[in-house]
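Worksheet for the structure shown next.
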Amino acid sequence: MKLLIQNANYIASNGQMIQTDILIENGIITKIEKKLAEEADRTVDAAGMVVSPGFIDLHVHLREPGGERKETIATGTMAAAKGGFTTVATMPNTRPVPDTINHMEDLQKRIQETAHVRVLPYASITTRLLGQELTDFAGLKGAGAFAFTDDGVGIQSASMMLEAMQKAAALDMTVVAHCEENTLINKGCVHDGTFAKRNDLNGIPSVCESVQIARDVLLAEAAGCHYHVCHVSTKESVRVIRDAKRAGIKVTAEVTPHHLLVSQDDIPGLDANYKMNPPLRDAADRAALIEGLLDGTIDFIATDHAPHTLEEKSEGMELAPFGIVGLETAFPLLYTHFVCKNMISLEELIGFLTRKPADSFDLPFGKIEIGAPADLVLLNLNEEKEIDPSGFLSKGKNTPFAGWKCKGWPEMTIVIGQVVWEKGCVTA
């Protein structure tokens with residue numbers, strides 16, 4: 001199978017934008033040259049578009065098994081493809097949890113049968129995410145686990161986290177942490193700040209997150225483990241991670257588009273589409289996150305795509321579940337509000353979504369070069385339209401960004417040389 005992409009704008013290794021053709025054979029990039037005269041099974045004219053490595057999102061919730069009302073592997077990965085993502089890592093808060101070899105093998109079978117993009121499954125650190133008993137790390141790695149996390153709940157026991165890190169380090173695996181100290185949650189539904197006080201809501205303080213990160217980086221140093229922090233949201237967390245990196249501790253971190261773009265000051269009212277965990281923090285936290293991303297303290301961007309049903313999100317700020325969807329809107333939101341405003345370059349944004357997550361987890365993706373897997377997205381940077389949840393391919397429509405006008409939309413997504421999504425046509 002040969003696919004030829006012609007006339008694409010490509011960011012070369014020197015950072016310059018050049019026009020080039022790309023030949024893909026049997027899922028591998030074989031030529032990157034101007035004016036290729038090759039016969040192919042399909043030729044795509046990408047004139048006026050930018051070709052990027054397929055985006056990588058190492059924090060998504062596909063909900064299957066057990067939460068198919070919210071999302072399935074099929075719908076979530078098609079949403080990923082529409083958003084330009086060719087590799088996603090799915091979190092283990094499903095029913096059953098992938099906490100045994102059998103459960104992991106069942107999940108892998110579902111992925112193989114229904115996924116439209118590459119899916120890397122996390123295994124849980126503890127049985128049923130209860131924080132009481134460690135899982136079989138070696139067995140789960142053998143069954144295909146990407147890394148270990150109890151995402152959605154913090155590991156409350158320091159001794160258990162240390163033992164988990166020691167087991168992971170022995171297997172050259174990563175411990176990925178949702179950092180939350182349960183004794184400080186305060187039954188909160190939003191950040192402990194002005195919005196909570198104005199609306200008489202319990203708030204989650206910043207220290208609830210940062211205190212556990214501070215504990216964990218020291219545990220990671222003791223264990224010699226690669227430790228990754230999910231969805232950083234506070235300025236104190238950024239400071240702790242920066243200090244840990246300066247000390248030589250092997251820690252990486254991610255930030256979400258929504259924490260980069262909005263703060264508690266932007267919540268218009270008691271709309272549960274603005275309810276996520278960690279919550280939207282203060283404007284000073286948002287500024288620290290941007291600074292941390294730009295100076296390398298935070299390594300990459302991940303969406304924390306978390307679909308819920310309309311009925312669930314209609315239950316109000318206190319009762320509705322945490323989380324918003326993000327796969328289909330991440331690039332246009334970030335391109336519009338960071339690249340178009342000259343805060344970062346297009347090359348930097350693409351790096352935060354491709355090369356940097358790949359490098360953080362030693363993945364062989366996120367690059368356009370001869371011999372690399374042909375995971376690509378064609379981007380129309382000139383197209384401008386409003387975000388319309390009714391057109392999402394995800395089952396989840398829960399976004400605070402409905403109606404936002406954005407530029408820079410994917411036109412075609414290619415996974416291992418196969419076109420899996422193109423504008424106006426679901427192809428896989």
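Counting begins at 1 with the first residue of the sequence.
- No side-chain heavy atom of Thr94 sits less than 4.5 Å from a side-chain heavy atom of Pro96.
- Geometric assessment of Lys423 against the ring of Trp409 yields a negative cation-pi assignment under the 6.0 Å and 45° thresholds.
- Between the Thr77 side chain and the Ile73 main chain, a donor and an acceptor come within less than 3.5 Å of each other.
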Which is it for His103 and Glu105 under the side-chain hydrogen bond (donor to acceptor under 3.5 Å, both in side chains) test, yes or no, and what are the steps along the way? CA-CA 5 Å; His103 290 163; Glu105 288 176 342; over 6 Å; no
Working for side-chain hydrogen bond (donor to acceptor under 3.5 Å, both in side chains), residues Asp388 and Ser390: CA-CA 5 Å; Asp388 178 8; Ser390 69; 2.7 Å; yes
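- Using a 30° and 60° split on the angle between ring planes, Phe331 and Tyr335 fall in the parallel class, below 30°.
- The aromatic rings of Phe55 and Phe85 sit perpendicular, their planes meeting at an angle over 60°, well past the 30° parallel limit.
- Salt-bridge annotation for Glu221 and Lys250: absent, with no side-chain N of the basic residue lying under 4.0 Å from a carboxylate O of the acidic one.
- Annotation: side chain of Thr149 is not in contact with side chain of Val175 (no heavy-atom distance under 4.5 Å).
- Here OG1 of Thr90 is found 9.5 Å from CD of Glu71. Values are rounded to the nearest 0.5 Å.
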For the pair Tyr122 and Phe146, evaluate ring pair (Phe, Tyr, Trp, His ring centres under 6.0 Å) and give the outcome as yes or no after the intermediate values. CA-CA 5 Å; Tyr122 284 100; Phe146 165 60; 5.2 Å; yes
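- A salt bridge is defined here as a Lys NZ or Arg NE, NH1 or NH2 lying under 4.0 Å from an Asp or Glu carboxylate O, and Arg42 with Glu422 meets this definition.
- With sequence neighbours excluded, no residue satisfies ring-ring contact (aromatic ring centres under 6.0 Å, His included) with His258.
- The distance from the CE atom of Met173 to the CG atom of Leu140 is 8.5 Å, given to the nearest 0.5 Å.
- A salt bridge links Glu328 with Lys82: the closest approach of a Lys/Arg side-chain nitrogen to an acidic carboxylate oxygen falls below 4.0 angstrom.
- Defined by atom type and a distance below 3.5 Å, a donor-acceptor pair is present between the side-chain atoms of Glu312 and Thr309.
- Judged by distance alone, the side chain of Asp57 and the main-chain N or O of Thr303 form a donor-acceptor pair under 3.5 Å.
- Using a distance-only test at 3.5 Å, with no hydrogens or angles considered, a donor-acceptor pair links the side chain of Thr336 to the main chain of Pro332.
- The residues Glu25 and Lys31 are annotated as not salt-bridged, no charged nitrogen and carboxylate oxygen being separated by less than 4.0 angstrom.
- Listed for the Thr135 side chain is a donor-acceptor partner under 3.5 Å among the backbone atoms of Ser124.
- Judged by distance alone, the side chain of Lys245 and the main-chain N or O of Ile298 form no donor-acceptor pair under 3.5 Å.
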Per-pair distances, 0.1 Å, donor-acceptor, side chain in residues 266-276, under 3.5 Å, sequence neighbours excluded:
unit_1, atom_1, unit_2, atom_2, d
Asp266, OD2, Ser263, N, 2.8
Asp271, OD1, Asn273, N, 2.9
Asp271, OD1, Asn273, ND2, 3.4
Tyr274, OH, Pro400, O, 3.3
Lys275, NZ, Met317, O, 2.9
Lys275, NZ, Glu318, O, 3.3
Lys275, NZ, Ala320, O, 2.4

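- For Glu64, the salt bridge (charged side-chain N to carboxylate O under 4.0 Å, His left out) partners are Arg110, not counting sequence neighbours.
- Between the side chain of Asp150 and the main chain of Ile155, no donor-acceptor pair closer than 3.5 Å is present.
- Under the side chain to side chain donor-acceptor pair (under 3.5 Å) criterion, Asp136 pairs with no residue, sequence neighbours left out.
- Judged by distance alone, with hydrogens and angles left aside, the side-chain atoms of Asn9 form no donor-acceptor pair with the main-chain N or O of Ala47 at under 3.5 Å.
- Applying the side chain to side chain contact (heavy atoms under 4.5 Å, CB included) test between Thr126 and each of Val97, Leu134, Asp99 identifies Leu134 as the sole match.
- Formation of a donor-acceptor pair under 3.5 Å by the Glu209 side chain with backbone atoms of Pro278 is not found in this model.
- A salt bridge is absent between Lys395 and Glu68; no separation between the charged side-chain nitrogens and carboxylate oxygens falls under 4.0 Å.
- Proximity of a side-chain donor or acceptor of His308 to a complementary backbone N or O of Phe322 within less than 3.5 Å is detected.
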Ser233 and Arg281: CA distance, side-chain angles, deciding distance, side-chain hydrogen bond (donor to acceptor under 3.5 Å, both in side chains) verdict: CA-CA 7 Å; Ser233 73; Arg281 303 290 188 180; 3.0 Å; yes
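- Pairs passing the salt bridge (charged side-chain N to carboxylate O under 4.0 Å, His left out) check and including a residue from residues 331-349, sequence neighbours excluded, do not occur.
- A donor-acceptor distance shorter than 3.5 angstrom exists from the side chain of Asp41 to the backbone of Lys2, with no hydrogens or angles considered.
- Salt bridge absent: Asp172 and Lys141 never bring a charged side-chain N and a carboxylate O closer than 4.0 Å.
- Under 3.5 Å, the side chains of Asp45 and Gln6 contain no donor-acceptor pair of N or O atoms.
- Applying the side chain to side chain donor-acceptor pair (under 3.5 Å) criterion to Asp285, with sequence neighbours excluded, gives no partner residue.
- Looking only at atom types and distance, the side chain of His228 has no donor-acceptor partner in the side chain of Ser360 under 3.5 Å away.
- His231 and His259 have their aromatic ring centers separated by at least 6.0 angstrom.
- If you check the side chains of Asp151 and His59, you find a donor sitting under 3.5 Å from an acceptor.
- Around the CD atom of Glu369, the shell of radius 6.0 Å holds more than 12 heavy atoms that belong to other residues, nucleotides or ligands.
- Put simply, the side chain of Leu36 reaches to within 4.5 Å of the side chain of Glu33, judged on heavy atoms.
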